[in-house]
Structure formats: C-alpha cells, structure tokens
Amino acid sequence: MTGYDVLAEVYEWLISDAKLPPAEFAASFDDVLSLLPSNPHVLDCSCGTGQLAVGLAGRGIQVVATDASEAMIRRTAALSEEFGASVRAVRANWEELPDHFQESTFDMVFCVGNSLHHATGATGRRAALESMSRLLRPGGRLVLTSRTWELVRARGSRLDIGDRLVRRNGRDAVVVYRWEIAPHWEEEHHIEIAIAQVDATGSVLVRSELLPCWPYRYEELELELHRVGLRAELSTFDLEAENYMVVASKV
C-alpha cells in the first residue's frame, strides 16, 4: 500500500465537485446506507481526506476513519474538526486493521475511491480483504468501489490531461494522469498523478506522486471476496463503465 503523502495536500482537486461537500459524498451512498441497522458502527478504511467519514458522522453514525497515509489522517482530523463531526481517525494500512479493532466490530466497511489496486498483487489484495472481512459483524457489508481495470488496460500506457481548470480554495489547477501499463496483469503498474496549480500571477506549482498499483479483473475480485467469507449481493460492474461498486455481505 502506498502513501499519498504528497497528494494529500492537494487531494481536493481529485474529488469531483458533486462529492466535495461531506454531506453530498455520504448522500451518494444513500442506497447502501439504508441497509444499516440502528446505532451502526462504520469503518472507512481508505478515508483519504475524510469527506465520506465526516459526511457519515454528520448523520449521527459512529465512524472510524483509517488510511495508510499519515498526511491523509491529519487532513481527515482537520476536516472533522471544521465540521464539528465526531470521527476517530487512525493511521493504519489494511493489514494492520485487526491490530487496532476487534473482530466483528463494524456493521459496514467502506473501501472506496478506487483504493484496492494499491494492495500488492493478489496476495496483498487477499490480505486486505481478509482484514476487512474479519472486522465485519455477521451480516455486515463491505462497500467497495473500483476502476474498471479491463478498460484501463485496454487503453494502454498514456497521458491524460484534464480538459478544464478545477477550482478549489480560490485556486485553479489542471489534473494530469500518466499511466504506465505493464505487459501482464499480475505485474506492477504505475500511475503518476500531477496537480498543476495556477496562481493569480500565472505561476504554476506542480505537485506529483508516482503510485504503484496492481490491477485485477472483476471475476478475480468476486472470487477473492468469496474466499474471505463475503458474498457479493450488489454489483454495478459494466465493461464499458469507468468505475463500479460492489456491496458484499459477511456470510
């Protein structure tokens, strides 16, 4: 699992306008949130800068937010304080989760924002999913979003430059993705993400980070979920769509 410590300072430029307010980010999961019992305990285990966790806490849900990046955890804590939300923020990667929380603690675990591909290959992905599964109560649910890697790999190595300026905090920026697609699925791939900020004088400040990733086919994900005791009960997977969501319940 990688750090995102550089991108943490400019991560809001990677969040869509619609999901930047915490309440709106949480609202995008209204359908799955309706499945929660009363007084639920929820874990956001790839929390980023905390929009989802803070949005859930704003609904009165007991929320814990974790991330492998210390910088992301600092930003989550700051956002929680800004909104007066009660969120416990803990730096932990997926494999470390059972060291911090007892088994069968949570009614729902979120792993969203296309995070799982940073787990190191099939072994790392299985370990990450195993940790999430262990923390779920029987009947609890994992909510996972993913890029459609079949589509990403079909497009090959490339440079994607945003076609518009994105405004955040009174500053404009262009978002650039550079994809290094390895010859084979199981090999390490790379994504370099750059945020080119333009200030009032026209000067450009670029922050970038090269991130390793290990893609996976949808059928592999389904099989790995099954192996850790999770049953997919909802999927939006579509080979022609950029992203999809899977909701899997603890058997």
Exercise. Does a donor on one side chain sit under 3.5 Å from an acceptor on the other, for Ser69 and Asp5?
Worked result: yes
Seminar exercise, completed: Sorted by chain and residue number, the ring-ring contact (aromatic ring centres under 6.0 Å, His included) partners of His117 (sequence neighbours excluded) come out as Trp149
Problem set entry | Partner set under side-chain hydrogen bond (donor to acceptor under 3.5 Å, both in side chains) for Arg74, not counting sequence neighbours | none
For this session: Please lay out, stage by stage, how Arg141 and Glu233 fare under the test salt bridge (Lys or Arg N to Asp or Glu O under 4.0 Å).
Result: CA-CA 9 Å; Arg141 293 173 172 89; Glu233 59 182 39; 2.6 Å; yes
Exercise. Is any side-chain heavy atom of Ile15 closer than 4.5 Å to a side-chain heavy atom of Thr49?
Worked result: yes
For this session: List the atom of Thr76, the atom of Gly50, and the distance in Å for their closest heavy-atom pair.
Result: OG1-N, 3.3 Å
Problem set entry | Beyond-backbone contact of Tyr244 with Arg147, side-chain heavy atoms, under 4.5 angstrom | no
Exercise. Nearest 0.5 Å, what's the OG1-NE2 distance between Thr66 and His100?
Worked result: 8.5 Å
For this session: Kindly assign one of parallel, tilted or perpendicular to the pair Tyr218 and Phe237, based on the angle between their ring planes and the thresholds 30° and 60°.
Result: parallel
Seminar exercise, completed: salt bridge (Lys or Arg N to Asp or Glu O under 4.0 Å) pairs touching residues 183-208, sequence neighbours excluded, are Arg178-Glu192
Seminar exercise, completed: Residue set satisfying salt bridge (Lys or Arg N to Asp or Glu O under 4.0 Å) with Glu96, at least two apart, ordered chain then number -> Arg91
Exercise. Would you say the side-chain atoms of Glu209 pair up with the backbone N or O of Leu7, donor to acceptor, closer than 3.5 Å?
Worked result: yes
For this session: Keeping the roles fixed (side chain from Lys19, backbone from Ser28), state whether a donor-acceptor pair exists under 3.5 Å.
Result: no
Exercise. Say you draw a straight line from CG of Leu225 to OG of Ser249; how long is it, rounded to the nearest 0.5 Å?
Worked result: 10.0 Å
For this session: Could you walk me through whether Arg59 and Asp30 pass salt bridge (Lys or Arg N to Asp or Glu O under 4.0 Å), step by step?
Result: CA-CA 11 Å; Arg59 296 182 173 209; Asp30 274 346; 2.6 Å; yes
Exercise. Backbone N or O of Pro40 within a donor-acceptor pair of the Asp107 side chain at under 3.5 Å?
Worked result: no
For this session: Check the surroundings of atom NE2 in His190: do more than 12 heavy atoms from other residues, nucleotides or ligands lie under 6.0 Å from it?
Result: yes
Exercise. Any Lys/Arg nitrogen of Glu222 or Arg217 sitting under 4.0 Å from an Asp/Glu carboxylate oxygen of the other?
Worked result: no
Problem set entry | Any donor-acceptor N or O pair under 3.5 Å, side chains Asn39, Gln62 | no
Exercise. Going by an N to O cut-off under 4.0 Å, is there a salt bridge joining Arg75 and Asp67?
Worked result: no
Exercise. Would you call Glu103-Arg137 a salt bridge at under 4.0 Å N-O?
Worked result: no
Exercise. Considering residues at least two apart in sequence or located in another chain, which fulfil the ring-ring contact (aromatic ring centres under 6.0 Å, His included) criterion with Phe110?
Worked result: Phe29
Exercise. Taking atom CD of Glu242 and atom CG of Leu151, what is their separation to the nearest 0.5 Å?
Worked result: 5.0 Å
Seminar exercise, completed: Looking only at heavy atoms, the pair that brings Ala26 and Leu52 closest together is CA-CD1, 3.9 Å
Problem set entry | Residues, nucleotides or ligands: over 12 heavy atoms within 6.0 Å of Glu219 CD | yes
Problem set entry | Partners passing side-chain contact (heavy atoms from CB on, under 4.5 Å) against Ala122 (at least two apart in sequence or in another chain) | Arg125, Glu224
